[in-house]
Amino acid sequence: MSDDSSQPLISDGSKHQQEEKIPLRESLFRYLGLLFICLITFGSYYIYDIPGAFGANVLAPFYHTSTINYGILYSVYNFPNMIIVFFGGYFIDTLFGLRKGALIFCSLVMAGQIIFAISASTRLFWLAVIGRLIFGLGGESLSVAQSTFCASWFQGRPDINLAFAITLGFSRIGSAVNFKTTPAIADHANIPTAIWFGAITCGISFVSCIVLILLDVYRGKKDKKEAVTNDPVKLTDITKFSGSVWLVCLAVVLFYIPLFVFVTNGTDFIQAKWPQISPSAANTLVSIPYYTAAPSPVIGFIIDKVGRNLSWMTFASVLMAVAHILLTFSSLTPYVAMIIMGVGYACMAASIWVTFPVLVPNIRLGTAYGLAFACQNAAVALTTLIVDAILQKTDNNWYYVEGIFIGCALLGIMVHVILVLIDIKEKRINVPSADMKQKVKEINKESKPILDTSINQ
Ligand SMILES: C[C@H](NC(=O)[C@@H](N)CCCCN)C(=O)O
């Protein structure tokens, strides 16, 4: 084995980037890859909120079912993903490899949406539930594959935060576009056509996935060093993850509860507190954080320059707490709080996901992202149930619910402070970008390579 091969997953091209200028051709190639990395989840982000774009009052009568059953279209996605997404990430690292895994998950997303569309054409609610379930089997794991692709294509480069932020901005454009196009298509044509249109977006993602795989094969040949390791990934490896990995997972949970659960349920809160705001304006208001995620690449670009991801994450948690405190205790227009929340989301999303490649070697990156997404899904699904129960029991007293959101945000700040204290010693994720990149190289050098290239293919 040559000395050279002892640099798993770190490409020659990226080895000396700190000292050398990256050739334009190389950057163009990475950004071409990034375009397809973005596109693979465009469909899944677009279709996720198709039921939400119609709302229970439209979709339930369409399927001749109750508004309570409507919620099943979301829970069959979220609940299985408390576990499935973890195995999705683990299988990426072990059984499937990144490329095959992405293709399988993309196929599940498309198949699920086609079944959902058939259910709309036949008005069979049980078929809609099956479609959403199959979508869920692939949807979250596809996001794990996307993060893993992004980490491996941009690792060691000075623009990794930007790359992650671009994928998020692009995906969230998918979510936002759905809220506009789905009702518009249904108005001009009908509900099944709007849902079939979702299947087309998944088709675009599927084709993009194939193109990405071809590009990744080319990149593999070019970089020559792909996940070559004699250090097999085991399920029990998660017990060896450092405390910081678990704390970052906790930070994910504590940030995304007051975000995702609020966005899904917040319309009623806005209307209860500001009755003068119309239902459609309230809908737009709560989805402001998703719109503000679109310019998150600008924040990613800045983080690339200054580094110190942990400080950005802490700042984002503070903004989340401020936003919910304003929503709850002030009569200031809710637009201010929602924009603050959106800026917080853009900062968090551009900084937190990039910390995993610094804390976990590449060969376990899928498992780590899977773990984080599984914790996030479990927390969001359980909190949604708790919120529903509290609202029912207290006759829609939103103060209790907001108490949960504020509590999560404040705990999130504490977790970040603990991470900062740990990092003063470890110097991994609250350091300038160049030092962070050096840490990524070091953590990957620790893996011992052999000539088995089956994993990650
Ligand atoms: C980047 C982050 N991703 C997630 O939270 C994933 N769980 C995928 C969510 C897909 C939408 N249902 C994000 O979107 O902020």
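In listed order, ligands and their atoms are each counted from 1.
Taking the side chain as every heavy atom from C-beta outward, I40 and F36 never approach each other to under 4.5 Å. A 4.5 Å side-chain heavy-atom check between L391 and D268 finds every atom pair outside the cut-off. At least one side-chain heavy atom of L215 sits less than 4.5 Å from a side-chain heavy atom of F29.
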Under the criterion side-chain contact (heavy atoms from CB on, under 4.5 Å), I'd like the reasoning laid out for L73 against V129: C-alpha separation, chi angles, the key distance, then a yes or no.
CA-CA 6 Å; L73 296 176; V129 173; 4.3 Å; yes
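Close approach of ligand 1 to F260 (heavy-atom distance below 4.0 Å) involves ligand atoms 5 (O). Taking every heavy atom of S143 and a limit of under 4.0 angstrom, the matching atoms of ligand 1 come to 8 (C).
Here the rule is ring-ring contact (aromatic ring centres under 6.0 Å, His included) with F135, and of F105, Y74, Y77 only Y77 fits it.
Residue contacts with ligand 1: Y48 is placed with no nitrogen or oxygen under 3.5 Å of a nitrogen or oxygen of the ligand (distance criterion only).
In L168, the part holding a heavy atom less than 4.0 Å from any atom of ligand 1 is the side chain.
Of the options Y345, W353, F255, the smallest heavy-atom separation from atom 13 (C) of ligand 1 is shown by Y345. Heavy-atom proximity to atom 7 (N) of ligand 1, evaluated over E140, Q146, R172, is greatest for E140.
In this structure, atom 4 (C) of ligand 1 lies nearest to the protein heavy atom Q376 NE2, 3.7 Å. Protein heavy atom nearest atom 11 (C) of ligand 1, with residue, atom name and distance: Y45 CE2, 3.9 Å. With hydrogens left out, the protein atom closest to atom 2 (C) of ligand 1 is Y256 OH, 3.6 Å, a heavy atom.
In this pair, F315 and W312 present their aromatic rings perpendicular. The plane angle is above 60°, beyond the 30 to 60° band.
Side-chain contact, Y31 with D159: a donor N or O sits under 3.5 Å from an acceptor N or O.
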